Student: 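Quick one: structure below, then a few questions.
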Amino acid sequence: MSGAAKVRLEPSWLARIGDYLQRPDMQALAAFLRDEIHHGKRIYPPGPEIFSAFAHTPFEAVRVVILGQDPYHGPGQAHGLCFSVRPGVRVPPSLDNIFKEIQRDLGIARSDHGCLTPWADRGVLLLNSVLTVEEGRAGAHQGKGWEGFTDAAIDALNREREGIVFLLWGSYAQRKGQLIDQARHCVLKSVHPSPLSAHRGFLGCGHFSAANRYLESRGQSPIDWSLPPRASLPAA
């Protein structure tokens with residue numbers, strides 16, 4: 001955003017969408033974030049973790065994409081992966097419903113934490129549409145430029161890869177998913193796992209087993225949707 005050398009974007013992603021960071025709208029976004037911080041605003045996630053989704057899931061490693069909206073806005077929650085929180089942070093309601101559906105769908109016991117980094121390391125790109133937020137103000141950074149950048153990431157996957165599973169939960173993710181060629185990829189849609197809507201179709205959607213069946217039908221190994229116990233995770 002202020003020069004590729006300062007952006008900790010994983011090399012395979014930098015090669016494909018790094019140029020986007022030099023666009024005037026992204027320069028304006030960088031200036032906005034600097035100004036917010038200068039004026040004492042607390043921004044999540046911390047700077048080094050803004051691009052964590054890309055760092056943990058290089059371009060060629062992506063097998064499943066889960067699209068979120070924007071980061072959690074409470075202290076200590078967001079760490080750059082959509083729906084995920086740091087170990088030891090209370091599991092948010094939407095993620096709790098995701099765990100409920102995995103248990104129902106695959107029989108995998110619910111985790112004792114909400115850190116989804118192991119999924120990201122196994123090929124699940126956990127991408128928010130907007131990569132930053134102001135503390136206590138959900139959606140504060142929508143419309144500032146992040147949406148075009150994350151669209152560019154999805155477009156690169158759509159064009160250069162085949163056989164990726166896209167999990168689009170809720171109308172926001174589904175609108176963003178209009179970029180995806182459903183003849184080349186598997187697109188699974190449901191309502192959002194939020195407590196406000198999960199009972200209208202997310203719980204019971206079977207997306208996790210469906211994703212694995214699709215991957216296996218293409219000769220790929222399924223995603224291991226289990227999470228190691230909190231005690232075995234690296235210290236945050």
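Note that this is a predicted model, so its numbers are computed, not measured.
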Student: Among the clusters formed by ILVMFWY side chains lying less than 4.5 Å apart, do I108 and L126 turn up in the same one?
Tutor: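 Yes, I108 and L126 fall within the same hydrophobic cluster.
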Student: Measuring only between side-chain heavy atoms, which start at C-beta, is V133 closer than 4.5 Å to I43?
Tutor: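 No, every pair of side-chain atoms sits at 4.5 Å or beyond.
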Student: Nearest 0.5 Å, what's the CD-CZ distance between E135 and R137?
Tutor: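 Reported to 0.5 Å precision, the distance equals 12.0 Å.
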Student: Do W119 and F83 have ring centroids that are under 6.0 Å from one another?
Tutor: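 No, the ring of F83 stays outside the 6.0 Å limit from the ring of W119, centre to centre.
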Student: Could you name each residue pair satisfying salt bridge (charged side-chain N to carboxylate O under 4.0 Å, His left out) that touches residues 169-190, not counting sequence neighbours?
Tutor: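 For residues 169-190, and leaving out neighbouring residues, the salt bridge (charged side-chain N to carboxylate O under 4.0 Å, His left out) pairs sorted by first residue read D151-K176, E162-R184.
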Student: Using every non-hydrogen atom in the two residues, find where A78 and P46 come nearest and quote the distance to one decimal.
Tutor: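 Taking every non-hydrogen atom into account, O-CD, 4.1 Å.
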Student: I98 vs L116, test: side-chain contact (heavy atoms from CB on, under 4.5 Å). Steps then yes/no.
Tutor: CA-CA 11 Å; I98 291 170; L116 306 182; 5.9 Å; no
Student: What about L127 and L9, same hydrophobic cluster or not, with Ile/Leu/Val/Met/Phe/Trp/Tyr joined at side-chain heavy-atom distances under 4.5 Å?
Tutor: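 Yes, one cluster joins them.
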Student: Between T132 and Y44, does the side-chain hydrogen bond (donor to acceptor under 3.5 Å, both in side chains) criterion hold? Intermediate values first, please.
Tutor: CA-CA 6 Å; T132 57; Y44 299 133; over 6 Å; no
Student: Test your reading of the model: is there a side-chain donor-acceptor pair from D70 to the backbone of V130, 3.5 Å cut-off?
Tutor: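 Here the side-chain-to-backbone pair does not exist.
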Student: Is H192 close to S94 at the side-chain level, that is, under 4.5 Å between some pair of heavy atoms?
Tutor: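 Of all side-chain heavy-atom pairs linking H192 with S94, at least one is under 4.5 Å.
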Student: Run the side-chain contact (heavy atoms from CB on, under 4.5 Å) check on V165 and F208 step by step: do they pass?
Tutor: CA-CA 10 Å; V165 181; F208 302 96; over 6 Å; no
Student: Is there a donor-acceptor contact under 3.5 Å from the side chain of Q77 to the main chain of G74?
Tutor: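 Side chain of Q77 to backbone of G74, a donor-acceptor pair under 3.5 Å: yes, one is there.
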Student: Run the salt-bridge test on R42 and E134 with the 4.0 Å N-O cut-off and return the result as yes or no.
Tutor: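 No, no charged N to carboxylate O under 4.0 Å.
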Student: Is a side-chain N or O of Q142 found less than 3.5 angstrom from the main chain of Q69, in a donor-acceptor match?
Tutor: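 No.
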Student: For residues E60 and P58, determine if any side-chain heavy atom of one lies less than 4.5 Å from a side-chain heavy atom of the other.
Tutor: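 A side-chain contact under 4.5 Å is absent here.
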Student: Is a donor on one side and an acceptor on the other found under 3.5 Å between the side chain of T57 and the backbone of F54?
Tutor: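 Between the backbone of F54 and the side chain of T57 there is no qualifying donor-acceptor contact (under 3.5 Å).
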Student: Using 0.5 Å steps for rounding, measure from the OG atom of S129 to the CZ atom of F149.
Tutor: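 With rounding to 0.5 Å, OG (S129) is 11.5 Å from CZ (F149).
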Student: Which pair of heavy atoms, one from Y172 and one from E147, lies closest together, and at what distance?
Tutor: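 Taking Y172 first and E147 second, the nearest heavy atoms are OH-CG, 3.9 Å.
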Student: Tell me, do Y72 and P92 make a side-chain contact under 4.5 Å, heavy atoms counted?
Tutor: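 SC-SC contact between Y72 and P92 confirmed.
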Student: To the closest 0.5 Å, what do you measure between CG (L125) and NE2 (H56)?
Tutor: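 Between L125 CG and H56 NE2, I get 11.5 Å after rounding to 0.5 Å.
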Student: Any ion pair linking R110 and D96 (charged N to carboxylate O, less than 4.0 Å)?
Tutor: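 Between R110 and D96 there is a salt bridge, with a charged N closer than 4.0 Å to a carboxylate O.
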Student: Strictly distance-based, threshold 3.5 Å: is any side-chain N or O of S52 a donor or acceptor partner for the main-chain N or O of L81?
Tutor: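 No.
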Student: Between W169 and H207, how do the two ring planes meet: parallel, tilted or perpendicular, split at 30° and 60°?
Tutor: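 Because their plane-to-plane angle is under 30°, the rings of W169 and H207 count as parallel.
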Student: Is it possible for you to say whether L168 and L95 belong to one hydrophobic cluster, with membership spreading through side-chain heavy-atom contacts below 4.5 Å?
Tutor: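 No, separate clusters.
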Student: For V64, run the side-chain contact (heavy atoms from CB on, under 4.5 Å) check against I164, L188, N212, I223 and tell me which one passes.
Tutor: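 When side-chain contact (heavy atoms from CB on, under 4.5 Å) is applied between V64 and each of I164, L188, N212, I223, only I223 qualifies.
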Student: How far does NZ of K41 sit from CG of D35, to the nearest 0.5 angstrom?
Tutor: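 One finds 8.0 Å between NZ of K41 and CG of D35.
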Student: Given side chains that start at C-beta, do those of W13 and V62 come closer than 4.5 Å, heavy atoms only?
Tutor: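 Yes, side chains in contact.
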Student: Show the nearest heavy-atom pair for residues N97 and A198, with the distance to one decimal.
Tutor: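 Looking at all heavy atoms of both residues, the closest pair is ND2-CB, 3.5 Å.
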Student: May I ask you to say whether E49 pairs ionically with R86, meaning some side-chain N is under 4.0 Å from a carboxylate O?
Tutor: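 Salt bridge flag = yes for R86 with E49.
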Student: Hey, quick one: are W225 and V85 part of the same hydrophobic cluster, counting side-chain heavy atoms closer than 4.5 Å, chains of contacts allowed?
Tutor: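 Yes, one cluster joins them.
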Student: Indicate yes or no for a side-chain donor-acceptor contact from H113 to the backbone of P228 under 3.5 Å, with no hydrogens or angles considered.
Tutor: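 Pair found, side chain donor or acceptor close to backbone of P228.
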Student: Would you name the heavy atoms of P87 and L233 that are closest together and state the gap between them?
Tutor: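 Shortest heavy-atom separation between P87 and L233 comes out as CG-CD1, 3.8 Å.
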Student: Return yes if some donor-acceptor pair links the side-chain N/O of N158 with the main-chain N/O of L179 below 3.5 Å, else return no.
Tutor: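 Side chain of N158 to backbone of L179, a donor-acceptor pair under 3.5 Å: yes, one is there.
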Student: Can you list the steps and then say if H79 with T117 is a side-chain contact (heavy atoms from CB on, under 4.5 Å)?
Tutor: CA-CA 10 Å; H79 63 125; T117 301; 3.5 Å; yes
Student: Please determine whether residues L215 and F59 belong to a single hydrophobic cluster, defined as Ile, Leu, Val, Met, Phe, Trp and Tyr linked transitively by side-chain heavy-atom distances below 4.5 Å.
Tutor: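 Different clusters: L215 never reaches F59 through Ile, Leu, Val, Met, Phe, Trp or Tyr contacts under 4.5 Å.
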Student: Under the 3.5 angstrom rule, does the side chain of S111 hit a backbone N or O of L227 as a donor-acceptor pair?
Tutor: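 Judged by distance alone, no pair lies under 3.5 Å.
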Student: Are any side-chain N or O atoms of R161 and backbone N or O atoms of R63, one a donor and one an acceptor, separated by less than 3.5 Å?
Tutor: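 Not a single qualifying donor-acceptor pair exists.
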Student: Given the rule in the side-chain contact (heavy atoms from CB on, under 4.5 Å) test, do Y20 and M26 qualify, once you have shown the distances and angles that lead to the verdict?
Tutor: CA-CA 8 Å; Y20 196 97; M26 296 304 288; 3.7 Å; yes
Student: Quick check against the 3.5 Å criterion: does D105 have a side-chain atom that pairs as donor or acceptor with the backbone of S209?
Tutor: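 Side chain of D105 to backbone of S209, a donor-acceptor pair under 3.5 Å: yes, one is there.
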Student: Check R200 against L196 and note the closest heavy-atom contact, atom names and distance.
Tutor: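 Here R200 and L196 meet closest at NH1-O, 3.2 Å.
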Student: Hey, would you say the F166 and H185 ring centroids sit under 6.0 Å apart?
Tutor: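 F166 vs H185: aromatic centres under 6.0 Å.
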Student: Are K100 and L203 packed together at the side-chain level, in the sense that at least one heavy-atom pair is separated by less than 4.5 angstrom?
Tutor: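 When only atoms from C-beta onward are counted, L203 and K100 do touch, with a gap below 4.5 Å.
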Student: For the CD1 atom of I180 and the CG atom of L157, what is their distance to the nearest 0.5 Å?
Tutor: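 One finds 9.0 Å between CD1 of I180 and CG of L157.
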Student: Quick one: salt bridge (charged side-chain N to carboxylate O under 4.0 Å, His left out) pairs with a partner in residues 212-234, sequence neighbours left out?
Tutor: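 Those involving residues 212-234 are R122-D224.
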Student: Do the ring centers of F32 and H141 come within less than 6.0 Å of each other?
Tutor: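 So the answer is yes for these two rings.
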Student: Might you confirm whether atom CG of D112 has over 12 heavy atoms from other residues, nucleotides or ligands at distances under 6.0 Å?
Tutor: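 Yes, enclosed.
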Student: Can you name the nearest heavy-atom pair linking A55 to E10, along with the distance?
Tutor: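 Of all heavy-atom pairs spanning A55 and E10, the closest is CA-CB, 4.0 Å.
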Student: Which value, rounded to the nearest 0.5 Å, describes the distance between W146 atom CH2 and D25 atom CG?
Tutor: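 Answer for the CH2-CG pair, W146 versus D25, is 11.0 Å.
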